[in-house]
Amino acid sequence: QVQLVESGGGLVQAGGSLRLSCAASGRTFSSYTMGWFRQAPGKEREFVAAISWSGSRTDYADSVKGRFTISRDNAKNTVFLQMNSLKPEDTAVYSCAAGPLGISRSSYDYWGQGTQVTVSS
């Protein structure tokens with residue numbers, strides 16, 4: 001069982017930056033692939049980024065590639081999402097997720113509640 005709690009969301013102007021954190025409970029955090037997803041009002045949840053258990057592999061949605069960076073600190077059971085050059089279309093609730101398989105855009109078993117990110121134009 002893994003419990004996930006996100007933080008770091010907020011209101012930022014276009015072009016600004018935010019750093020999201022996801023704190024995980026459980027001793028097996030380091031064995032999980034971690035992902036970030038987002039859901040905007042009226043839209044389906046979409047994949048944002050993922051990182052392998054060791055941090056050696058990452059994957060990004062085309063819409064955020066070059067602007068967002070996912071990283072993890074297994075010693076602190078935390079995964080991060082650094083978001084730069086934010087755009088109004090990045091506005092959404094961002095959630096982290098944990099999955100036992102290899103790096104993936106869809107195979108996740110545990111989800112956090114999410115943190116709101118709002119980008120003003």
Side-chain angles (χ1 to χ4, degrees):
Q1 187 78 10
V2 177
Q3 294 183 330
L4 305 171
V5 178
E6 302 93 339
S7 61
L11 174 64
V12 63
Q13 289 188 334
S17 298
L18 281 175
R19 189 192 195 203
L20 305 184
S21 299
C22 173
S25 64
R27 293 176 293 177
T28 58
F29 170 79
S30 61
S31 66
Y32 284 90
T33 289
M34 298 298 297
W36 284 97
F37 291 77
R38 67 187 181 186
Q39 187 166 20
K43 295 186 177 181
E44 293 186 353
R45 183 171 61 195
E46 65 173 352
F47 168 81
V48 175
I51 188 167
S52 62
W53 68 271
S54 67
S56 62
R57 294 181 61 200
T58 57
D59 184 25
Y60 296 92
D62 288 344
S63 59
V64 307
K65 198 172 295 183
R67 299 188 297 123
F68 291 11
T69 302
I70 189 171
S71 61
R72 68 190 297 163
D73 185 339
N74 287 341
K76 296 183 178 180
N77 281 11
T78 303
V79 62
F80 305 96
L81 185 68
Q82 178 67 43
M83 305 186 295
N84 299 329
S85 302
L86 282 161
K87 305 174 181 180
E89 51 264 43
D90 294 319
T91 295
V93 174
Y94 284 71
S95 300
C96 66
L101 301 179
I103 198 165
S104 170
R105 297 190 175 196
S106 59
S107 301
Y108 293 88
D109 294 336
Y110 304 104
W111 294 83
Q113 292 297 313
T115 185
Q116 176 70 45
V117 171
T118 303
V119 184
S120 63
S121 57

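For residues 37-75, no residue pair satisfies the disulfide bond (SG atoms under 2.5 Å apart) rule, not counting sequence neighbours.
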Output side-chain donor-acceptor pairs under 3.5 Å for residues 42-49, partner residues at least two apart or in another chain, one line each.
| residue | atom | partner | partner atom | Å |
| --- | --- | --- | --- | --- |
| Glu46 | OE2 | Arg38 | NE | 2.5 |
| Glu46 | OE2 | Arg38 | NH2 | 3.1 |

Residues 95-105 side chain polar contacts: donor-acceptor under 3.5 Å, at least two apart:
| residue | atom | partner | partner atom | Å |
| --- | --- | --- | --- | --- |
| Ser104 | OG | Ser106 | N | 2.9 |
| Ser104 | OG | Ser107 | N | 2.9 |
| Arg105 | NE | Asp59 | OD2 | 2.7 |
| Arg105 | NH2 | Asp59 | OD1 | 3.0 |
| Arg105 | NH2 | Tyr60 | O | 3.0 |

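Salt bridge status for Asp90 with Lys87: absent, with no side-chain N to carboxylate O gap under 4.0 Å.
In this structure, Ser52 contributes its side chain and Arg57 its backbone to a donor-acceptor pair below 3.5 Å. Here the side chain of Thr78 pairs a donor or acceptor atom with the backbone of Lys76 at under 3.5 angstrom. With hydrogens and angles ignored, the 3.5 Å screen pairs a side-chain donor or acceptor of Thr115 with a backbone N or O of Gly9.
Taking the ring centroids of Tyr108 and Tyr32, they lie at or beyond the 6.0 Å cut-off.
Counting all heavy atoms, side chain and backbone alike, Gln82 lies closest to Ser17 at NE2-CB, 4.0 Å. Pairing each heavy atom of Ala14 with each of Pro88, the nearest pair is CB-CD, 4.1 Å.
Atom CZ of Phe37 is separated from atom CG of Leu81 by 12.0 Å, given to the nearest 0.5 angstrom. With rounding to the nearest 0.5 angstrom, the CD atom of Glu6 is 5.0 Å from the SG atom of Cys22. Here OG of Ser21 is found 10.5 Å from CG of Asp73. Values are rounded to the nearest 0.5 Å. For the atom pair OG1 of Thr58 and CE of Met34, the computed distance is 14.5 Å after rounding to the nearest 0.5 Å.
A tilted orientation is assigned to the rings of Tyr94 and Phe68, their planes being inclined by 30° to 60°.
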side-chain contact (heavy atoms from CB on, under 4.5 Å) between Val93 and Gln113, intermediate numbers included: CA-CA 9 Å; Val93 174; Gln113 292 297 313; over 6 Å; no
Residues Leu86, Leu18; criterion side-chain contact (heavy atoms from CB on, under 4.5 Å); working and verdict: CA-CA 8 Å; Leu86 282 161; Leu18 281 175; 4.2 Å; yes
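Seen from the ring of Phe80, Arg72 does not count as a face-on cation partner, given the 6.0 Å and 45° thresholds.
Linking Ile, Leu, Val, Met, Phe, Trp and Tyr residues whenever their side-chain heavy atoms come within less than 4.5 Å places Val2 and Leu20 in a single cluster. When the side chains of ILVMFWY residues are joined at heavy-atom separations under 4.5 Å, either directly or via intervening members, Tyr110 and Val79 end up in a single hydrophobic cluster. Linking Ile, Leu, Val, Met, Phe, Trp and Tyr whenever their side-chain heavy atoms come within less than 4.5 Å leaves Trp36 and Trp53 in two separate clusters. Residues Met83 and Ile51 share a single hydrophobic cluster, defined by chaining ILVMFWY side chains whose heavy atoms lie under 4.5 Å apart.
Atom CD of Gln116 has more than 12 neighbouring heavy atoms from other residues, nucleotides or ligands inside a 6.0 Å radius.
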